[in-house]
Amino acid sequence: MRPSTETPAAPEASDPYDLAVIGAGCAGLAGAVTASELGLSVALLDASPQIGGQFFRHPAPATGAVRPEALHHDWSLFTGLRRRLEASAVDRLGGHHVWTVTRDGDGGPWAVHAVTGADGGQERAVRVRARAVLLATGAYERQLPFPGWTVPGVVGAGGAQAMLKSGLVLPGRRVVVAGSGPLLLAVASSLAAAGARVPAVIEASGYLGYARHPYALAANPRKLAEAAVHGGALLRHRVRLRTRSAVTEVHGTDRVEAVIVSRLDGDWRPVPGSGRRIECDALAVGHGLAPQIELATSLGCATRTTPDRTTALALDASQETSVRDLWAAGETGGVGGARLAGVEGELAALAIAARLRGRPARRGRVRELERRRDRMRAFADAMAAAHAPGTGWPQWLADDTEVCRCEEVTARSVRAAVTDLGARDARSVKLFTRAGMGWCQGRMCGAAVACLAAPHGDADPLADPAPERRPFAVPVPLRALGSLDAPDSAPHTD
């Protein structure tokens, strides 16, 4: 798209931006640069000082990395967005942790509230006002606990990849990769290429589920090519792939020493007597990704349940949520990858510019983007269905297995809350046991607690049809709350 020839004047302290974009991954970058090229004033906020989000994490200049692209595929997608951002008038606000979004009255400007610093610790409150907001907050890993998952050396699968991409470090020398989803193949091939020994990739589902969606596969040949690249890397590095299996126990005290891998039946229940020991010093494990939607649900946005039983935002054809002037793009609407996120970000920006400028978007471009989005979204749904957790996985848990790591709540305590105290959902379990009240606010344990609290026979125990509405999306110092009545922060560029 050609940049606008109009250069918007920088907003005064009392003037709102046209658009505030929350999240600087592919969706946020595509939305921000497209909106700016269309003549809108844009603020781009992200918790990280770097752009790129989780997918395009890259080493800081101090590491001396000369080829960061070697750790990524689709690197050209990121460099193209970065060039457009550098040539734009977007105000980049890095190190801004957005904790809530509010609106004064019906149709008034939004107020995006954030605290600054590497982890929000500088305690400087920032308020950015905007006529429209685009949520591009991404996703986080879904974890299903098992005995020993708190032993040092057990890391998230995405966390292992983040360590490698941003810090050029490995979680161990001999790393088992386990869980479910296509991320496992990418993680294993990256670790092996970086010098780790990967004895096995343990996939709880299989890949035959993709065959139920032939049209989605045929319409997305790029995804098949990616799978072939990762598969070839595993063959070169002699990494064994075991499907319909799971790590059901970790051995070790001060460090991972070995894992027990068990065969699973169709409902993900361990097959008795099938456990096999694999020696390793680290385990990278994850069971897919869950959309990060706390900011949206605090505003009452409608949600939907995805094929792998996570909760995502319900969006219309233009990427708008059920709340007017609040759009979303990328993983917030369902996990689908970087290219889908970029398409959705551009679609949202076109719709936002059309509404704020009062003139229709370019229909040809919109139709093209909608076709690409729908094609990639169909594959994303097929992928989610193929790797959806089975209902029998809680049988991995021993009574003394910690389900909530932050508050050290065991499976025994959660089960007692259900059987003895009458808890019937994750919220009531939280009140009885404090599960989910810790620093991560249920991001690590929420799926597990929901399963253990589900009524007997619930077909979709991981699904949460009524997600919690929290006023704080991230931890906030009291000092920041006390400054809410202070004058608005002037727009600036970090």
Side-chain angles (χ1 to χ4, degrees), residues 11 15-25 27-28 31-32 35 40-48 53 90-116 120 124-140 291-303 311-316 318-333 344-345 348-349 351-352 355-356 441 443 467-477 480-491:
D15 292 338
Y17 287 95
D18 291 319
L19 174 64
V21 180
I22 303 173
L40 303 187
S41 58
V42 181
L44 176 62
L45 300 91
D46 194 271
S48 172
V90 173
D91 281 350
R92 295 167 50 186
L93 308 180
H96 282 59
H97 302 252
V98 177
W99 59 271
T100 197
V101 178
T102 60
R103 194 173 201 177
D104 294 331
D106 185 17
W110 294 99
V112 178
H113 299 276
V115 289
T116 62
R124 185 171 70 87
V126 174
R127 176 166 49 190
V128 175
R129 298 169 66 243
R131 299 167 63 194
V133 171
L134 173 59
L135 298 175
T137 46
Y140 52 87
Q292 190 161 322
I293 59 175
E294 294 88 348
L295 290 171
T297 54
S298 70
L299 295 166
C301 292
T303 60
T311 302
L313 296 181
L315 306 173
D316 69 9
S318 71
Q319 300 295 129
E320 191 172 15
T321 71
S322 60
V323 175
R324 186 173 174 81
D325 298 328
L326 182 67
W327 279 262
E331 317 292 48
T332 52
E344 291 183 342
I352 293 166
R355 178 172 297 173
L356 296 187
Q441 287 293 284
R443 290 179 178 86
E468 294 185 66
R469 296 178 62 173
R470 295 173 175 161
F472 308 113
V474 298
V476 187
L481 296 179
S483 67
L484 287 181
D485 293 329
D488 293 329
S489 301

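Values reported hereafter were calculated over all heavy atoms of this structure, with side chains retained and with hydrogens, waters and symmetry mates removed.
- Remark: side-chain polar atoms of S41 are paired, donor with acceptor, to backbone N or O of D18 under 3.5 angstrom.
- Rounded to the nearest 0.5 angstrom, D46 CG and R92 CZ are separated by 10.0 Å.
- To the nearest 0.5 Å, atoms CD (Q319) and CG (L134) are separated by 8.5 Å.
- Pairing each heavy atom of Y140 with each of Q292, the nearest pair is CD2-OE1, 3.6 Å.
- When all heavy atoms are compared, the tightest approach of V90 to A32 is CG2-O, 3.7 Å.
- Closest of all the heavy-atom pairs between E320 and L326 is CG-O, 3.6 Å.
- Note that NE2 of H113 and NE2 of H96 are 13.0 Å apart. Values are rounded to the nearest 0.5 Å.
- We find the CG-CZ distance between D15 and R131 to be 10.5 Å, quoted to the nearest 0.5 Å.
- The two residues L295 and A473 make their nearest non-hydrogen contact at CD2-CB, 3.7 Å.
- The two residues V323 and L299 make their nearest non-hydrogen contact at CG2-O, 3.7 Å.
- Remark: L45 CG to L93 CG distance equals 4.5 Å, nearest 0.5 Å.
- Summarising the geometry of R355 relative to W327, their closest heavy-atom pair is NH1-CH2, 3.4 Å, with the distance given to 0.1 Å.
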For a side chain to side chain contact (heavy atoms under 4.5 Å, CB included) check, start with the C-alpha distance between T321 and L315, then their side-chain angles and the critical distance, and finish with the verdict. CA-CA 5 Å; T321 71; L315 306 173; 3.7 Å; yes
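- A296 is linked by a side-chain contact (heavy atoms from CB on, under 4.5 Å) to L135, C301, L313, counting only residues two or more places apart in sequence or in another chain.
- Distance check, rounded to the nearest 0.5 Å: OH of Y17 to CG of L44 gives 10.5 Å.
- Side chain of E344 to main chain of G330: a donor-acceptor pair is present (N/O by atom type, distance under 3.5 Å, no hydrogens or angles).
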